[in-house]
Student: 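Please find one structure pasted underneath; my questions will follow.
The first residue in the sequence is number 1, and the count goes up from there. No experiment lies behind these values; they were computed from the predicted model shown. Values below: all heavy atoms of this structure, side chains included; hydrogens, waters and symmetry mates excluded.
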Amino acid sequence: MKAYSVDLREKIVKANLIEKNSIRQVSRRFSVSKSLVQKLVKQQKNEGHVEPKRPVKPQLSYLNNAESQQQVKELVAQHQDATLAELCELFAELTGNWVSATAMWRCLQKLGLSRKKNTMQ
């Protein structure tokens with residue numbers, strides 16, 4: 001979705017701050033959401049402008065390369081009863097890169113490794 005023009009953004013902020021219209025009135029007048037009006041007013045007060053922010057590139061997981069996946073395999077082999085959180089901590093100690101439990105789970109699933117504990121021994 002394209003960002004709203006700077007001109008429209010300035011009109012929205014002006015209608016709220018200078019003309020003293022309520023957020024609901026401004027949102028109806030310009031056919032935008034109340035949350036957009038709130039966001040623009042806050043941005044104007046904090047940053048002094050209402051220009052759209054540049055999109056941020058998503059950070060890729062540290063577990064996407066073959067070397068990291070091999071390290072995860074070795075960690076699972078060495079610590080068979082470790083939970084996802086424990087595996088994340090072990091991976092951080094080993095590599096210095098912290099990953100979330102969700103990222104670890106996706107990596108294990110991709111590698112075909114199960115985290116289900118064996119209760120029948």
Student: Going through the checks in order, is the side chain to side chain donor-acceptor pair (under 3.5 Å) test met by E19 and N21?
Tutor: CA-CA 6 Å; E19 297 173 12; N21 292 322; 3.3 Å; yes

Student: Side-chain contact test, heavy atoms from C-beta onward, threshold under 4.5 Å: evaluate it for W105 versus S100 and give yes or no.
Tutor: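 No - every pair of side-chain heavy atoms lies 4.5 Å or more apart.
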
Student: What's the shortest heavy-atom distance between M104 and L87, and which atoms?
Tutor: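 Heavy atoms only, the tightest pair is CE-O, 3.7 Å.
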
Student: Tell me whether V26 shares a hydrophobic cluster with V6, the cluster being built from Ile, Leu, Val, Met, Phe, Trp, Tyr side chains joined at under 4.5 Å.
Tutor: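 No.
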
Student: So, does S68 use its side chain to make a donor-acceptor pair with the main chain of N64 at under 3.5 Å?
Tutor: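 Not confirmed, S68 side chain does not pair with N64 backbone.
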
Student: For residues V32 and V37, determine if any side-chain heavy atom of one lies less than 4.5 Å from a side-chain heavy atom of the other.
Tutor: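 A side-chain contact exists here, since the closest heavy-atom pair is under 4.5 Å.
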
Student: Side-chain contact, heavy-atom cut-off 4.5 Å: C88 with T83?
Tutor: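 C88 does not reach T83 side chain to side chain.
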
Student: Using the rule given for side-chain contact (heavy atoms from CB on, under 4.5 Å), can you reason through L8 versus F30, listing the C-alpha separation, both sets of side-chain angles and the distance that settles it, and then say yes or no?
Tutor: CA-CA 9 Å; L8 176 63; F30 293 100; 3.7 Å; yes

Student: Is there a chain of hydrophobic side chains (I, L, V, M, F, W, Y, each step under 4.5 Å between heavy atoms) that links V76 to W98?
Tutor: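 No, it is not one cluster - the side chains of V76 and W98 are not joined through contacts under 4.5 Å.
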
Student: For the atom pair OG1 (T95) and OH (Y62), what is the distance rounded to the nearest 0.5 Å?
Tutor: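 Answer for the OG1-OH pair, T95 versus Y62, is 8.5 Å.
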
Student: Would you give the length of the straight line joining atom CG of L111 to atom NZ of K73, rounded to the nearest 0.5 angstrom?
Tutor: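 If I round to the nearest 0.5 Å, the distance is 5.5 Å.
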
Student: Find the distance between CD (E10) and CG (L40) and round it off to the nearest 0.5 Å.
Tutor: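 One finds 10.5 Å between CD of E10 and CG of L40.
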
Student: If I take atom CD from residue E47 and atom NZ from residue K53, how far apart are they, to the nearest 0.5 angstrom?
Tutor: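 Interatomic distance, E47 CD to K53 NZ, rounded to 0.5 Å: 4.0 Å.
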
Student: Does R9 reach the main-chain N or O of Y4 with its side chain, forming a donor-acceptor pair under 3.5 Å?
Tutor: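 Checked: pair present.
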
Student: Does Q43 reach the main-chain N or O of E51 with its side chain, forming a donor-acceptor pair under 3.5 Å?
Tutor: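 Checked: pair present.
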
Student: Could you state the interatomic distance from CG (L63) to CG (L108), rounded to the nearest 0.5 Å?
Tutor: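 Answer rounded to 0.5 Å: 8.5 Å.
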
Student: State whether the side chain of Q78 and the backbone N or O of L75 hold a donor-acceptor pair below 3.5 Å, judged by distance alone.
Tutor: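 Here the side-chain-to-backbone pair does not exist.
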
Student: Report the distance from atom NZ of K34 to atom CD1 of I23, rounding to the nearest 0.5 Å.
Tutor: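 Between K34 NZ and I23 CD1, I get 9.0 Å after rounding to 0.5 Å.
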
